[in-house]
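Step one of this worksheet: look at the structure below.
Within every chain, numbering begins at 1; the chains are lettered A, B, ... in the order of the sequence lines, protein sequences first and strands thereafter.
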Number of protein chains: 2
Amino acid sequence: MYPDPMALAQVRDVATHAGVSPATVSNALNHPEKVSETTRRRVQAAIDELGYVRNDAARQLRQRHNTAVGMIVLDVANPFFADVVRGAEDSLGVHRRPVLVGNSGQDAERELAHLRLFEEQRVSGLLISPVGDVLDRLREISGRGTPVVLVDRHHGDDDFPSVAVDDELGGRMAAEHLLDQGRRRLTMIGGPTSIRQVAQRRAGAQAAVDAVAGATLTTIDTGAMDVESGRTGARRLLAEDAAARPDAIFAANDLVALGALQELVRAGVRVPEDVALIGYDDIEFAASATVPISSVRQPALEMGERAAALLVAAVDDPDAPPEHPRFTPTLVARESTLGG
Amino acid sequence: MYPDPMALAQVRDVATHAGVSPATVSNALNHPEKVSETTRRRVQAAIDELGYVRNDAARQLRQRHNTAVGMIVLDVANPFFADVVRGAEDSLGVHRRPVLVGNSGQDAERELAHLRLFEEQRVSGLLISPVGDVLDRLREISGRGTPVVLVDRHHGDDDFPSVAVDDELGGRMAAEHLLDQGRRRLTMIGGPTSIRQVAQRRAGAQAAVDAVAGATLTTIDTGAMDVESGRTGARRLLAEDAAARPDAIFAANDLVALGALQELVRAGVRVPEDVALIGYDDIEFAASATVPISSVRQPALEMGERAAALLVAAVDDPDAPPEHPRFTPTLVARESTLGG
DNA sequence: CTGAAAGCGCTTACAG
DNA sequence: CTGAAAGCGCTTACAG
């Protein structure tokens with residue numbers, strides 16, 4: 001079906017060219033200390049001359065070991081996850097492990113496809129921030145020998161290590177901050193609520209609201225968590241009766257907050273005077289928005305680094321008890337919630 | 001060195017379990033039309049029961065063909081490239097080709113490492129926006145049979161297809177817009193200038209400035225193109241004598257523009273009254289900045305889609321003459337350059 | 001429609 | 001330090 005790649009040089013060609021055996025070529029490449037200086041140089045010269053490029057599939061098949069690590073994230077276009085990935089890459093780079101990144105885009109099917117692909121590739125480990133209901137699937141994969149580390153998520157009964165931030169606490173911090181500013185009619189924008197992060201942040205906010213008499217929390221489920229969803233959510237909110245309108249918005253993440261802000265500004269609604277606005281993640285762009293956006297900060301880089309470290313530990317010792325480090329979110333108050 | 005993965009089920013186990021031969025298992029999986037309905041179901045049942053997961057390395061070795069495509073981008077954390085990747089993924093997904101993304105992070109060494117890894121993996125093609133001086137390297141790779149498509153770059157004498165935007169035109173548009181607003185002392189912030197995009201945008205801006213008597217263009221080379229570089233660049237600019245200060249900034253991309261804006265606002269410099277500011281790429285966050293930032297828009301999604309299409313075409317017919325579609329940038333004027 | 005045999009391109013014991 | 005032989009787990013002609 002596809003054109004045959006032209007005849008590439010193989011170990012045996014290199015061997016012939018250098019006047020040694022294939023085994024020696026392989027040793028020169030993989031165990032240089034086993035080969036004499038002279039031979040090594042002759043082999044290298046032959047490699048350069050022939051433009052030999054090792055076939056990784058054959059190598060992996062024989063070695064029964066793939067150094068690469070697979071990473072599946074909710075949304076690569078979200079700067080928060082971009083930073084988590086960067087943290088993992090930095091950490092794994094030290095161990096000379098390439099990171100293959102798969103983007104689920106909050107789509108459960110794409111998530112499954114990536115899981116399958118990575119397992120077929122026999123990656124040495126898997127880092128994942130799950131969208132769908134894949135815990136059973138992950139248990140199977142892990143049971144077959146591929147270590148799994150959960151990123152940005154933790155179940156009490158998890159069989160695998162995880163790195164998480166206390167989302168319930170974060171949600172509570174966001175809501176308490178809004179309440180402290182005198183706001184009482186809160187709305188949360190984001191979704192889908194089936195995503196654990198969203199549900200937990202909402203639960204935390206609900207707890208804070210319940211503790212204050214007369215305070216309320218409603219929800220606008222946008223089904224996604226990008227800038228466009230923020231715009232949609234804000235539009236739905238603006239369609240409501242102005243009198244009943246909330247006086248504070250808790251956006252499930254900063255992308256949503258940015259979209260909501262755009263729409264509010266366009267509609268002439270003043271932030272924070274008419275509506276206070278707080279986001280989540282504290283991505284770089286929150287601070288430089290039209291109105292600088294308050295946010296609940298998560299340590300993205302550190303989370304990625306730590307997750308990678310847990311994975312390397314699990315690869316080295318599959319029987320070690322799983323750790324579940326938990327990071328604490330911090331509130332970053334800016335103009336969008338202050339001085340309203 | 002690493003713990004042996006436990007004995008996973010293999011085709012022969014599935015075959016035994018289903019009471020057929022390994023060849024039939026393989027056919028059931030890869031050429032279902034060659035296998036009877038009953039047999040196919042028995043095989044599938046055995047697969048499910050044993051939790052068989054195909055070994056991709058063995059498959060690839062035998063098939064001599066990898067469907068995956070490798071993509072190397074300058075900076076995954078830049079929303080512009082995130083969109084280019086998304087465009088490529090959308091387009092390649094239709095052809096059922098997974099995209100493996102490698103991030104060079106504007107680092108020539110990481111770029112080479114990814115090139116080597118992808119070629120060893122025998123990816124069916126390579127999409128790359130090059131950082132370093134890798135054209136010779138790419139010619140070798142392409143000569144060995146891996147089709148290469150250049151993204152966001154075009155050399156007149158390229159042996160491979162490419163997708164590009166006219167950066168010189170974009171640079172000229174940015175500068176002309178600033179000049180039209182009555183600005184005369186322009187500064188470009190970005191870098192390194194060794195990156196072709198930066199050099200060409202600058203050349204275009206220079207041409208525009210040269211056409212206007214009394215207009216000048218200076219450069220602040222920041223060595224990188226992220227938000228932090230924008231801050232650094234603006235700080236260096238603010239350290240200059242206020243009288244000699246430029247009245248307009250052309251940031252090499254929007255991340256740099258956002259960083260510069262942050263620093264200017266902090267220093268109490270008014271945008272656009274004291275200094276006009278224009279960026280490049282028109283990422284989503286430019287429009288929602290403290291002061292909405294003017295920008296030169298590049299069609300990121302379309303570029304990714306088109307590049308992927310060219311790659312698929314090159315895979316299907318390696319001897320087709322390379323195409324070099326070129327997109328036209330468009331100016332998006334916002335508050336940061338208007339009404340100063 | 002099904003199966004026996006060969007082979008993809010490496011690396012790994014093992015013997016020398 | 002070097003090489004002959006075996007084998008990693010699949011898929012592909014080919015024969016039946």
Donor-acceptor contacts, no H, no angles, side chain residues 80-88 of chain A, under 3.5 Å, sequence neighbours left out:
unit_1 : atom_1 : unit_2 : atom_2 : d
D83(A) : OD1    : R86(A) : NH2    : 3.1

Salt bridge (charged side-chain N to carboxylate O under 4.0 Å, His left out) partners for E120(A), two or more places apart: R116(A), R54(B)
R137(A) side chain near L112(A) side chain, heavy-atom distance below 4.5 Å: yes
Considering residues at least two apart in sequence or located in another chain, which fulfil the salt bridge (charged side-chain N to carboxylate O under 4.0 Å, His left out) criterion with E89(A)? R110(B)
Heavy atoms within less than 4.0 Å of DNA chain C: which residues of residues 12-21 of chain B have one? Give them sorted by number. V20(B), S21(B)
Holding to side chain to side chain contact (heavy atoms under 4.5 Å, CB included), I want the full list of residues that pass it with Q197(B), two or more places apart in sequence or in another chain. L74(B), D152(B), D167(B), I195(B), R201(B)
Could you check which residues of residues 54-63 of chain B get a heavy atom under 4.0 Å from DNA chain C? Sort them by number, please. L61(B), R62(B)
In chain order, what residues pass the salt bridge (charged side-chain N to carboxylate O under 4.0 Å, His left out) check against D75(B), with sequence neighbours excluded? none
Nearest-0.5 Å distance that lies between atom CD in E305(B) and atom CG in D90(B): 6.0 Å
Determine whether R139(A) and L135(A) make a side-chain contact, defined as any pair of heavy atoms from C-beta on separated by less than 4.5 Å. yes
Using the test salt bridge (charged side-chain N to carboxylate O under 4.0 Å, His left out), find all partners of R12(A) that sit at least two apart in sequence or belong to another chain. none
Taking only residues at least two apart or on different chains, which pairs with a member in residues 20-41 of chain B satisfy salt bridge (Lys or Arg N to Asp or Glu O under 4.0 Å)? E37(B)-R40(B), E37(B)-R41(B)
Tell me if a side-chain donor or acceptor on T146(B) pairs with a main-chain N or O of G125(B) at a distance below 3.5 Å. no
Neighbour count >12 (heavy atoms, 6.0 Å) for atom CG, D133(A): no
Interface with DNA chain C, restricted to residues 28-48 of chain A and to heavy atoms under 4.0 Å: N30(A), H31(A)
If I take atom CG from residue L115(B) and atom CG from residue L126(B), how far apart are they, to the nearest 0.5 angstrom? 6.0 Å
Counted 5' to 3', the first and last nucleotides of DNA chain C within 4.0 Å (strictly under) of a heavy-atom of chain A are dG9(C) to dT12(C)
Taking a pair as Watson-Crick (N1 to N3 plus N6-O4 or O6-N4) or G-U wobble (N1-O2 and O6-N3), both under 3.5 Å, which stems of 3 or more consecutive pairs involve DNA chain C? C:1-3 with D:14-16, C:5-12 with D:5-12, C:14-16 with D:1-3
Output yes when a side-chain donor or acceptor of N66(A) lies under 3.5 Å from a complementary backbone atom of Q121(A), and no otherwise. yes
Could you walk me through whether L127(B) and V148(B) pass the side-chain contact (heavy atoms from CB on, under 4.5 Å) check? CA-CA 6 Å; L127(B) 292 166; V148(B) 172; over 6 Å; no
